[in-house]
Amino acid sequence: MDLFRKKPLAIPQNAGAEKLSKTLGALDLTMLGVGAIIGTGIFVMTGVAAAEHAGPGLVLSFIIAGIACVLSALCYSEFASTLPVSGSAYAYSYVAFGELLAWVLGWDLVLEYGVAAAAVSSGWSGYFQGLLEGFGIHLPTALSGAYNADKGTFINLPAVIIILLISYLLTRGVKETARFNAVMVAIKLSVVLLFIITGIFYVKPENWTPFLPFGIHGVMNGAATVFFAYIGFDAISTAAEEVKRPQRDLPIGIISSLAICTVLYIAVSLVLTGIVPYQSLNVTDPVSFALRFVGQNMVAGLISIGAIAGMTTVLLVMLFGQTRLLFAISRDGLLPQSLSKVSPKTHTPVRSTWMVGSLIAVLTGFVPLDRLANLTSIGTLFAFLVVSLGVIMLRRTKTDLRRGFRVPWVPLVPILSAAACGYLMYNLGTETWIGFAIWVAIGLVIYALYGYKRSNLNTKK
């Protein structure tokens with residue numbers, strides 16, 4: 001039994017296999033990255049992270065998490081420019097480490113994208129219901145949240161509807177998806193800049209004292225928490241087969257989107273903790289709350305619209321990444337190959353898109369997700385860690401491989417990236433680790449019963 005058989009570099013997919021059309025450029029990828037990154041993290045998680053973990057030192061938490069992501073982004077850029085195929089970290093590890101680890105990583109990414117989309121759609125629903133209430137429209141309690149007998153909620157209807165609408169959009173074609181994403185990104189960037197420009201005039205430096213009320217340990221816990229805010233740039237690499245010039249455009253899209261978002265996160269966290277004492281920021285809408293705190297109610301309302309646009313694009317990219325991941329895994333035979341069927345009209349994997357959309361709609365509609373968000377962080381960190389080590393592996397085993405982008409100072413940068421991700425994983429709770437272990441165990445059972453025997457590498461023997 002060869003559990004570590006590797007996919008040949010020269011044949012990233014089977015001859016005659018389903019293929020996607022190449023329509024995306026560097027700007028499209030950058031906008032997809034910004035669309036994926038700026039959302040729940042900046043509009044929701046900043047408040048809790050400041051109030052419970054880092055205080056005004058939240059800016060350091062964002063910088064530390066951002067550094068970890070930049071190191072990982074460099075590693076992703078080398079892989080994406082070298083192996084421009086769908087599947088992201090799953091495809092990279094298939095070549096670098098072999099099938100078993102590739103499957104574990106692919107299964108891990110299914111968890112990352114799925115739970116992230118479900119969690120963000122719940123946040124989207126909360127902001128959308130708040131917007132409706134501003135117009136005097138109130139949804140019936142039974143339709144306003146996931147099943148909770150104590151609160152009288154049965155289904156989170158707005159979350160279900162937005163997931164299904166985005167799934168429909170994804171089936172219409174990748175270029176149409178990119179155009180919609182660009183419009184939503186423009187709206188939310190305008191709103192974020194509006195908050196920074198408006199809020200800077202209400203900053204009181206005394207609110208930054210003490211700067212580290214929870215000490216360095218609180219800053220590190222805050223970094224592990226706000227890491228969720230950076231999740232998404234890796235989803236860009238899932239679009240590799242749909243990029244016109246992947247060797248050039250993928251590194252540009254990954255690195256530029258991460259740089260833009262890191263600068264905005266630092267600015268927002270400084271202004272936010274300068275306007276409101278950190279102890280008061282433990283709210284679900286900290287950015288809007290800060291503006292209401294200083295009497296800017298009209299601007300606060302616009303922030304809510306920006307938050308809805310922001311979370312819409314996050315959902316769009318998470319679902320996009322999930323469908324392309326399943327497309328790649330099924331094309332390799334590890335999942336039913338019907339999921340890799342591409343529509344001849346729209347050149348999109350319609351079956352996998354609707355399957356993903358339906359499952360996530362059920363998950364977000366009926367299941368409370370309070371304790372699942374950290375599973376997204378641990379899944380992402382694990383993927384980053386493996387990709388970082390994979391760069392070192394391929395540099396040693398495939399020295400003559402043509403690389404469109406090269407990570408500088410190998411192996412130092414990949415080792416630092418892996419170490420940073422490992423440390424942030426260490427700072428996540430025991431409950432998160434147990435949930436992650438259970439998910440991986442389920443994946444190993446599926447691989448043993450189905451994937452290993454059906455793998456394209458196995459059938460070629």
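The first residue in the sequence is number 1, and the count goes up from there. Just so it is clear, the structure is predicted and the values come from calculations on it, not from any experiment.
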Does the Y278 side chain pair with the main chain of H53, one donor and one acceptor, at a distance under 3.5 Å?
no
Of the non-hydrogen atoms in A290 and F195, which two are nearest, and what is the gap between them?
CB-CE1, 4.2 Å
Smallest separation among heavy atoms of V287 and I303, with atom names
CG1-CG2, 3.6 Å
Does any N or O in the side chain of T273 come within less than 3.5 Å of the main-chain N or O of S269, such that one atom is a donor and the other an acceptor?
yes
How long is the gap from CD1 on I305 to OG on S190, to the nearest 0.5 Å?
12.0 Å
Apply side chain to side chain contact (heavy atoms under 4.5 Å, CB included) to F62 and L58, showing your working.
CA-CA 6 Å; F62 273 115; L58 176 66; 3.7 Å; yes
For residues V350 and W354, determine if any side-chain heavy atom of one lies less than 4.5 Å from a side-chain heavy atom of the other.
yes
Would you check, one step at a time, whether the test side chain to side chain contact (heavy atoms under 4.5 Å, CB included) holds for I63 with I266?
CA-CA 7 Å; I63 290 172; I266 291 171; 3.6 Å; yes
Measuring only between side-chain heavy atoms, which start at C-beta, is R395 closer than 4.5 Å to P414?
no
Would you mind reporting whether L29 and I254 have side-chain heavy atoms less than 4.5 Å apart?
no
Could you tell me whether the side chain of T313 and the main chain of G35 form a donor-acceptor pair under 3.5 Å?
yes
When you measure from the side chain of S81 to the backbone of F405, do you find a donor-acceptor pair of N or O atoms at a distance under 3.5 Å?
yes
Heavy-atom check, side chain of L250 versus side chain of S77, under 4.5 Å
no
Under the rule for ring pair (Phe, Tyr, Trp, His ring centres under 6.0 Å), what residues qualify as partners of Y92, not counting sequence neighbours?
F79
Minimum-distance pair of heavy atoms, taken over all atoms of P286 and T46
CG-OG1, 3.5 Å
Drop me the distance from I360's CD1 to L315's CG, to the nearest 0.5 angstrom.
8.5 Å
Scanning both residues in full, the closest heavy-atom pair of L109 with Y90 reads CD1-N, 4.0 Å
Please collect all side-chain hydrogen bond (donor to acceptor under 3.5 Å, both in side chains) contacts where either partner lies in residues 158-174, sequence neighbours excluded, each pair once.
none
Please answer whether the main-chain N or O of S340 pairs with a side-chain N or O of S330 as donor and acceptor at a distance below 3.5 Å.
yes
Got a donor-acceptor contact below 3.5 angstrom from the K244 side chain to the D249 backbone?
no
Do V59 and F211 have side chains that get closer than 4.5 Å, going by heavy atoms?
yes
Do S343 and T348 pair up side chain to side chain, a donor and an acceptor below 3.5 Å, judged on atom types alone?
no
Pairwise distance CG(L264) to CG(L193) - rounded to 0.5 angstrom:
6.0 Å
Angle class for the W107/W439 ring planes (parallel below 30°, perpendicular above 60°, tilted otherwise)?
parallel
Quick check against the 3.5 Å criterion: does N181 have a side-chain atom that pairs as donor or acceptor with the backbone of M31?
yes
Would you mind reporting whether R403 and L394 have side-chain heavy atoms less than 4.5 Å apart?
yes
Closest non-hydrogen atoms of A239 and L24, given as atom of the first, atom of the second and distance, are CB-CD1, 4.0 Å
Does atom OH of Y450 have more than 12 heavy-atom neighbours from other groups under 6.0 Å away?
yes
Around atom CD1 of I200, are there more than 12 heavy atoms of other residues, nucleotides or ligands at under 6.0 Å?
no
Taking K188 for its side chain and M311 for its backbone only, find out whether a donor-acceptor pair lies under 3.5 Å.
no
Between CG of L319 and OG1 of T353, what distance do you get to the nearest 0.5 Å?
8.5 Å
Closer than 3.5 angstrom, by distance alone: can the side chain of E78 be matched with the main-chain N or O of V407 as a donor-acceptor pair?
yes
dist L170:CG -> Q322:CD (nearest 0.5 Å) comes out at 11.5 Å
Anything under 30° is parallel, anything over 60° is perpendicular, the rest tilted; go ahead and classify W433 against F436.
perpendicular
Take T364 and S122 through the side-chain hydrogen bond (donor to acceptor under 3.5 Å, both in side chains) test and state the conclusion after the steps.
CA-CA 7 Å; T364 190; S122 293; 3.3 Å; yes
Can F327 and T323 be said to form a side chain to side chain contact (heavy atoms under 4.5 Å, CB included), step by step?
CA-CA 6 Å; F327 169 83; T323 59; over 6 Å; no
Under a 3.5 Å distance rule, please check whether S417 uses its side chain to pair with a backbone N or O of V413 as donor and acceptor.
no
Do N221 and E52 touch side chain to side chain, with heavy atoms closer than 4.5 Å?
no
Under the criterion side chain to side chain contact (heavy atoms under 4.5 Å, CB included), which of V85, I329, L100, L457 is the partner of Y94?
L457
Take M318 and V120 through the side chain to side chain contact (heavy atoms under 4.5 Å, CB included) test and state the conclusion after the steps.
CA-CA 10 Å; M318 290 295 104; V120 172; 5.8 Å; no
Residues in ring pair (Phe, Tyr, Trp, His ring centres under 6.0 Å) with F180, at least two apart?
none
Could you state the interatomic distance from OH (Y113) to CZ (F320), rounded to the nearest 0.5 Å?
10.0 Å
Taking every non-hydrogen atom, the tightest pair across G33 and I236:
CA-CD1, 3.4 Å
Using a 4.5 Å cut-off on heavy atoms from C-beta on, say whether the side chain of Y447 contacts that of E99.
yes
